[in-house]
Amino acid sequence: MLCYSKENTAPEIAVALRTLAEEYPFAEMGNGKRLVFKKGEKLSVTISGDETAVTYTTTASALRGAGLALAGIETSAEATSFEMFA
């Protein structure tokens with residue numbers, strides 16, 4: 001189980017994780033591996049001991065990172081060209 005802190009997670013990510021927790025092993029705090037999100041320039045997932053850190057650029061990349069973290073996949077700096085069109 002991956003556990004995040006609502007207080008230390010951007011609101012839009014926390015809402016999405018709460019919804020995902022209905023089907024996937026995410027929880028607001030608990031006895032699991034700690035999941036932390038940090039705003040950055042590229043998506044990366046770093047797994048170290050009992051903490052998994054997701055560095056993200058957008059909410060979508062943060063959630064892609066959460067999926068990678070859930071799968072136990074560590075990645076360094078994924079540059080994507082995904083953007084929303086208005």
Side-chain angles (χ1 to χ4, degrees):
M1 178 164 304
L2 293 175
C3 302
Y4 64 97
S5 166
K6 180 179 163 184
E7 292 78 26
N8 296 324
T9 303
E12 60 277 7
I13 296 170
V15 167
L17 290 174
R18 196 172 316 120
T19 301
L20 288 169
E22 294 174 9
E23 297 292 330
Y24 298 96
F26 292 108
E28 286 183 33
M29 299 316 293
N31 294 329
K33 185 172 272 201
R34 208 174 88 161
L35 181 62
V36 295
F37 293 89
K38 303 171 186 174
K39 190 85 167 168
E41 294 183 14
K42 294 182 180 184
L43 171 61
S44 68
V45 178
T46 307
I47 302 169
S48 177
D50 67 342
E51 180 177 292
T52 299
V54 175
T55 302
Y56 67 96
T57 56
T58 64
T59 302
S61 71
L63 297 175
R64 281 196 306 275
L68 291 168
L70 194 58
I73 299 172
E74 195 167 13
T75 181
S76 60
E78 176 187 306
T80 63
S81 59
F82 297 120
E83 293 185 21
M84 294 181 65
F85 294 99

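Note that the structure is predicted; figures quoted are calculated from it, not measured.
Nearest heavy-atom pair across Ala69 and Thr52 is CB-CG2, 3.5 Å. Counting all heavy atoms, side chain and backbone alike, Ala66 lies closest to Leu2 at O-CD1, 4.4 Å. In terms of heavy-atom proximity, Lys39 sits nearest to Thr57 at NZ-O, 2.5 Å. Across all their heavy atoms, Pro25 and Leu70 have their closest contact at CG-CD1, 3.5 Å. Residues Cys3 and Gly32 approach most closely at SG-N, 3.6 Å, considering heavy atoms. Between Met1 and Ala27, the shortest heavy-atom contact is SD-CB, 3.4 Å.
When the salt bridge (Lys or Arg N to Asp or Glu O under 4.0 Å) test is applied to Glu12, no partner is found at least two apart in sequence or on another chain. Under the side-chain contact (heavy atoms from CB on, under 4.5 Å) criterion, Leu20 pairs with Leu17, Tyr24, Phe26, Leu63, not counting sequence neighbours. Take Ala62 and apply the side-chain contact (heavy atoms from CB on, under 4.5 Å) test, not counting sequence neighbours, and it matches Ile13, Phe37, Tyr56. For the salt bridge (Lys or Arg N to Asp or Glu O under 4.0 Å) test, no residue two or more places apart in sequence or in another chain qualifies with Glu74. Taking Thr58 as the reference, Ala60, Ser61 meet the side-chain contact (heavy atoms from CB on, under 4.5 Å) condition, with sequence neighbours excluded.
Proximity of Thr55 to Val45: side-chain heavy atoms (C-beta onward) are nowhere separated by under 4.5 Å. Between Thr75 and Leu68 the shortest side-chain heavy-atom distance falls below 4.5 Å. You'll find the side chain of Val54 reaches within 4.5 Å of the side chain of Leu35, heavy atoms only.
Atom OH of Tyr4 sits about 14.5 Å away from atom CZ of Arg34, to the nearest 0.5 Å. A distance of 12.5 Å separates NZ in Lys6 from CG in Asn8, rounded to the nearest 0.5 Å.
Residues in residues 14-28 take part in these salt bridge (Lys or Arg N to Asp or Glu O under 4.0 Å) pairs, two or more places apart or across chains: Arg18-Glu28.
Under the 4.5 Å side-chain heavy-atom criterion for grouping Ile, Leu, Val, Met, Phe, Trp and Tyr, Ile73 is not connected to Val36 through any hydrophobic cluster.
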